[in-house]
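Data first, discussion second: the structure below is written as structure tokens.
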Amino acid sequence: MGAIQATRGTRDILPDEVRYWQRVESIARDLLQRAAYREIRTPLFEQTDLFERGIGEATDVVGKEMYTFKDRGDRSLTLRPEGTAGAVRAYIEHNLQAQGGVQRLWYTGAMFRYERPQAGRQRQFHQLGIEVLGSADPRADVEVMSIAIDILHSLGLTNLYLDLNSVGNASDRQSYRQALVDYLTPYQADLDPDSQTRLTRNPLRILDSKDPRTQEITQNAPSILHHLSPASQQHFDRVQQLLSDLSIPYQLNFRLVRGLDYYTHTAFEIQSADLGAQATVCGGGRYDGLVTELGGPDTPAVGWAIGLERLILLLQKLQPVPTSAPDIYLISRGDAAEAQALLLAQRLRQTGLAVELDLSGSAFGKQFKRADRSGAIVCLVLGDAEAETNTVQVKWLATAEQESIAQADLLSPSAAFYQRLTQISQDPNY
RNA sequence: GCGAGCGUAGCCAAGUGGUUAAGGCAGAGGAUUGUGAUUCCUCCAUCCCGCGGGUUCGAAUCCCGUCGUUCGCCCCA
């Protein structure tokens, strides 16, 4: 063959699928705007250092999944593997805290991680994320969770599960880490190989292991929920209380440990029962230490990211492709008629109508067939006879009713034609 | 990075060593040089079965490599 293909882990989103993306984007944008979140757009690449400091050098994302390269000025740059670090960098750089109070931000766009591709996991993938900066209030934690759920529900998704945990503050985690290591060390030889190495490097992640023997061992491991400081406990209790007040169902999961170092206190994931191994649609939590870690003022923060490919996968399973039919399908035959049709199509569009012009030049029979299949409400016919009299045959496709109308009479919003057309297109039963 | 499966047209798909690679959907043209259903006819893989190499008198079919993809692990959204 020899033709060039999209590179591994990347893919084209073709027009039929794009309709799902547009639907997600418009529903999310609308909902976020109503909740006073403002969109932010940050660069696709940043200095490598930003992610190393922000995400944590010990994490897999930084350690082995980043697209890092030197530019021609010998700077080490990295294609963003997630959106939070860039948003926080912009928040600090532009002094957004100086605008006072709480900053609510959202973003969407491509992210890059060098991973083994799988359904719901590409090397270039897309996230929609939100961040609330400047509030330590448990209500902020619950607000972001409820917005995520609202977005998913508005898209018609069900079968979703909210898993909740608290990883406490830094010193809570320190004491828990010690307790966990103390508990696990006697079992060291029985742990799976990955978990054995994590015992010294990142013991909390052992709780996430899917190895059956390891899970058996961690079954009775101490829970972080017993190592929370009074303040952390109070925060977490309040979060749970507020979730209940909003009737948002959740389940506590002390094994839930997010992979990125910057999380504190609340950690959560929304999973779908309708996906395979990559079941997490939305993940997030509180990250009170990140802003100072990146050189900004002490600023509490909470947010999440939704994996859009996974979301689209779910939508495609449950809903038929939303169709996009034109209002008018315009067919024509003969030189004069074809020229008039091109002009008429343009003018009709200027009145706000959606018009598809048949360019085939084939027999009227074929063009009518295509008009029918296009799903248009009305078919306009322009042949030699109409061209001579500057008229057009108007055929209402649902009823086969046909009338001859002067071209000029189609173009006014007050015209009977326009009125009837918009009335039909607004009829939900059509 | 590890393990396993799969790769025939835009889509679905038969063929599993022997002359011209089934069929369906979609598409194009025509019967119907101006009216949408149905029907009928014709066309739609001719250095070719993802790509490269090997075995064989003969390969879509067997072997090796490679690329892509799927499932699981790892990780994450």
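All chains are named by letter (A, B, ...) in the order of the sequence lines, taking the proteins before the strands, and each is independently numbered beginning at 1.
Side-chain atoms of A:Arg310 come within donor-acceptor range of the base of B:C76, with a qualifying N/O pair under 3.5 Å. Contact of A:Glu386 with B:G34 (side chain to base): a donor-acceptor pair of N or O atoms is detected under 3.5 Å.
One atom, CD of A:Gln316, and another, C1' of B:C11, lie 15 Å apart when rounded to the nearest Å. Computed from coordinates, the A:Glu65 CD to B:C74 P distance equals 13 Å when rounded to whole Å. Taking atom NZ on A:Lys366 and atom C1' on B:A37, their separation rounds to 14 Å, with Å as the unit. We find that CD of A:Gln367 is positioned 16 Å from C1' of B:G30, with the value rounded to whole Å. The distance from atom CZ of A:Arg121 to atom P of B:C73 is 10 Å, rounded to the nearest whole Å.
Between A:Arg333 and B:G34 there is a side-chain polar atom (N or O) within less than 4.0 angstrom of OP1 or OP2. Neither OP1 nor OP2 of B:U35 sits under 4.0 Å from any side-chain N or O of A:Gln393. OP1 or OP2 of B:A28 lies within a sub-4.0 Å distance of a side-chain N or O belonging to A:Arg370.
A:Gly383 comes within 4.0 angstrom of a base, heavy atoms only. As judged by a 4.0 angstrom heavy-atom cut-off over every strand, A:Gln118 is placed among the base-contacting residues.
When the P atom is compared between B:G7 and B:C51, the two are found 13 Å apart, to the nearest whole Å. For B:C63 and B:G18, the P atoms lie 16 Å apart once the distance is rounded to whole Å.
Within a 6.0 Å radius of CZ in A:Phe45, other residues, nucleotides and ligands contribute 12 heavy atoms or fewer.
Looking at every heavy atom in both residues, A:Val88 comes nearest to A:Leu290 through CG2-CD2, 3.9 Å.
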